[in-house]
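Each remark here refers to the structure printed beneath this line.
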Amino acid sequence: MTDIWSEALQGLQPRLGAQTYDLWLRPIALRAVNGTRLHLTAPNRFMKEWFENHYLGVVLDELRARTAQTYDVEIEVTADAPAAPTSLPTPMPPPATEPVRPTSPPVPVLVAAPPPQLSGRYRFPNFIKGAGNELAASAAWAAAHEPGTRFNPLFIYGGVGLGKTHLLHAIGHHIHATRPEQRIVYQSAERFMNEFIAAVRFNQFDEFRSRYRDQCDVLLIDDIQFIAGRDRTMDEFFHVFNVLYEAEKQIVVTADRMPSEMQGMEDRLISRLNWGLVADIKPPDLETRVAILRQKAEHDHIAIADDVTLHLATIVRSNVRELEGSLVRVSTLAALKHVPITCEFVSDVLGAPAGNAQPPPVSIESVQKVVCAHFSVRISDLKGPRRHQGISRPRMIAMYLCRQLTSASFPEIGLRFGGKDHSTVINACKRIESIQTDDRELRATVDTLRRQLTGAESTRTAVHTGSGGATITAPGAVL
Ligand code: ADP
Ligand code: MG
């Protein structure tokens, strides 16, 4: 049975990708078989839940296909001991004689107190999970739960106001609360650079180095894109990264885009940032926006009815920061004018629902449908592995249009095209872009399809449904 189990998992590898296989399937082991019941083990609760929610179904299907037998499973967590000693050396508090730094920037290394920059508001319990951030939030939670082990480095990227900083702080809070001895360094990349420059200038390089390399158990760096193109800072960060990574210290980095899209970032740094788990955050869907508004209203004691919350969430769709800002604006004005917060009031303050002014977003499904109809190919072909031109050309065009017209990331597009790697999508987009420059016919086709997708209401009805979950690929790729 063990053989069939590993064969089934390996059989899924081409479909799910080698990285997904390595990350999520391989750690799940078959321990025993009792009739049709499989006893599995997972290295921790997070892996167990992730496996159950995302892969168990396909694995059971695969087993059924191979053995003509239906199995059920029981998964046991083998090593989820909280705060178990890891291979890290026992962290030591900074020596009592640590020199006081003359420039006194906020020294982010602490033993007993949380890093001062961490905002008390940004914690896991008040981070609302939704389709757009599920993976990043789960990975952040896992990194906070088991720092320095599976998700290292963790790279979280996404547009402005989508919760990257919130998650980074939440990781810091959680690690501090559960492992108070761990020295957590939280810093924006901009501050990291400024400190580095000051250290070089004032001849305090040893201190700088010691702070980031020797006295750091957890490094949280926000907005790393800031150091792209700053050669010496990149170089220094590269060395900090290597030292901490080799010592199995947890590193979490955020950015506004994926590593390979950061112009001016050194290749070797991009490759390091891709080593662990790369998770993207996309704008929240309507349900998540409503949940975030409810939480914020409750926290700030703002009285707002459910239908008005929904109305507000429909109008403001760009990002969470704006969403929260709009709620504050509306409630402040309502209080000043002594009027209740109604839908009309919200519309007056914020303008008409965006849905009336701008077309609803295009979904990956609608792109696939329109492209398939145009080229008379089947959706299953688009998602399948066949490479002959009659199929690969429409597939590349569809991927290109998905990237242009939806907010989906490269990895998500890959996933929704039958589990292809994100590099395949990137290449497809590049190819179509370059062919279009010379090939007028292709350009016209792409334009027609684009018009069809952005102009025709009927193709957009199934917006963002049926994705079946988060964006999944794995280390080395982007989640
Ligand atoms: P980013 O760093 O991605 O620009 P932030 O982390 O600063 O965004 O988030 C902007 C604001 O939105 C913060 O107040 C944060 O608490 C809030 N926020 C973002 N995502 C969520 C979420 N999923 N649940 C609750 N609050 C959120
Ligand atoms: Mg931020």
Side-chain angles (χ1 to χ4, degrees), residues 13-23 54 131-132 135-136 155-159 255-263 265 267 270-271 273-274 277-283 361-372 374-375 377-437 442-443 445-446 449-450 453 464 466-479:
Q13 199 176 342
R15 189 145 36 112
L16 299 173
Q19 291 156 333
T20 301
Y21 168 80
D22 271 349
L23 186 70
H54 295 90
L135 182 73
F155 186 94
I156 298 175
Y157 76 94
D256 64 353
R257 66 203 73 178
M258 63 202 278
S260 56
E261 285 188 346
M262 277 187 278
Q263 298 277 323
M265 193 61 96
D267 285 346
I270 290 177
S271 122
L273 294 172
N274 268 318
L277 195 76
V278 180
D280 70 338
I281 305 195
K282 287 197 284 300
V362 176
S363 69
I364 291 183
E365 288 86 357
S366 55
V367 173
Q368 291 173 334
K369 253 190 243 163
V370 166
V371 170
C372 282
H374 183 90
F375 291 101
V377 296
R378 287 177 310 199
I379 297 221
S380 55
D381 282 334
L382 221 53
K383 296 183 176 180
R386 292 171 63 196
R387 285 174 177 215
H388 79 79
Q389 225 205 350
I391 294 193
S392 78
R393 178 64 73 94
R395 184 185 297 133
M396 286 197 293
I397 292 175
M399 287 176 168
Y400 172 79
L401 286 169
C402 282
R403 182 62 188 167
Q404 282 218 322
L405 304 179
T406 77
S407 57
S409 61
F410 288 122
E412 179 174 13
I413 297 171
L415 191 75
R416 305 275 288 276
F417 278 75
K420 300 197 170 45
D421 194 74
H422 74 291
S423 56
T424 309
V425 185
I426 294 176
N427 287 337
C429 293
K430 280 191 188 147
R431 284 274 327 265
I432 294 300
E433 217 146 62
S434 85
I435 302 174
Q436 271 192 95
T437 1
L442 177 75
R443 201 161 59 229
T445 308
V446 171
L449 292 168
R450 189 187 291 115
L453 281 156
H464 293 309
S467 73
T471 318
I472 302 164
T473 50
V478 184
L479 289 180

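For the numbers below, each heavy atom of this structure counts, side chains included, while hydrogens, waters and symmetry mates do not.
- Interatomic distance, I391 CD1 to D381 CG, rounded to the nearest 0.5 Å: 3.5 Å.
- Without hydrogens or angle criteria, K383 side chain to L415 main chain gives no donor-acceptor distance under 3.5 Å.
- Closest of all the heavy-atom pairs between K420 and G384 is NZ-O, 2.9 Å.
- Among residues at least two apart or in separate chains, salt bridge (Lys or Arg N to Asp or Glu O under 4.0 Å) pairs with a member in residues 398-408 are E261-R403.
- The two atoms that bring V367 and A398 nearest to each other are CG1-O, 3.5 Å, heavy atoms only.
- Here the closest heavy-atom approach between residue A408 and residue K282 is recorded as CA-CD, 4.1 Å.
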Item checked: Steps toward side chain to side chain contact (heavy atoms under 4.5 Å, CB included) verdict (R450, L405) -> CA-CA 8 Å; R450 189 187 291 115; L405 304 179; 3.8 Å; yes

Item checked: Residues L401, I432; criterion side chain to side chain contact (heavy atoms under 4.5 Å, CB included); working and verdict -> CA-CA 10 Å; L401 286 169; I432 294 300; over 6 Å; no

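- The line from SG of C402 to CD of Q368 is 6.0 Å long, rounded to the nearest 0.5 Å.
- Going from atom CG of D256 over to atom OH of Y157 covers 11.0 Å, rounded to the nearest 0.5 Å.
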Next item on the list: Decide yes or no on side chain to side chain contact (heavy atoms under 4.5 Å, CB included) for L382 and F375, but give the supporting numbers first.
Entry: CA-CA 11 Å; L382 221 53; F375 291 101; over 6 Å; no

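- If you take CD1 on I413 and CE on M399, they are separated by 8.0 Å, rounding to the nearest 0.5 Å.
- With contacts defined as side-chain heavy-atom distances shorter than 4.5 Å, the pair P411/D280 does not qualify.
- Once rounded to the nearest 0.5 Å, the distance linking CD1 of I426 with CZ of F410 reads 5.0 Å.
- Separating the OG1 atom in T445 from the NE2 atom in H374 is a distance of 5.0 Å, to the nearest 0.5 Å.
- Contact between A279 and L135 at its shortest, heavy atoms only, is CB-CD2, 3.9 Å.
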Notebook entry, point to check: Passes side chain to side chain contact (heavy atoms under 4.5 Å, CB included), F417 versus I364? Steps please.
Noted result: CA-CA 9 Å; F417 278 75; I364 291 183; 4.2 Å; yes

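- Among residue pairs with one or both ends in residues 387-398, those qualifying as side chain to side chain donor-acceptor pair (under 3.5 Å) are R386-H388; sequence neighbours excluded.
- Within the structure, the side chain to side chain donor-acceptor pair (under 3.5 Å) test picks out the following pairs touching residues 424-437 (sequence neighbours left out): Y400-Q436.
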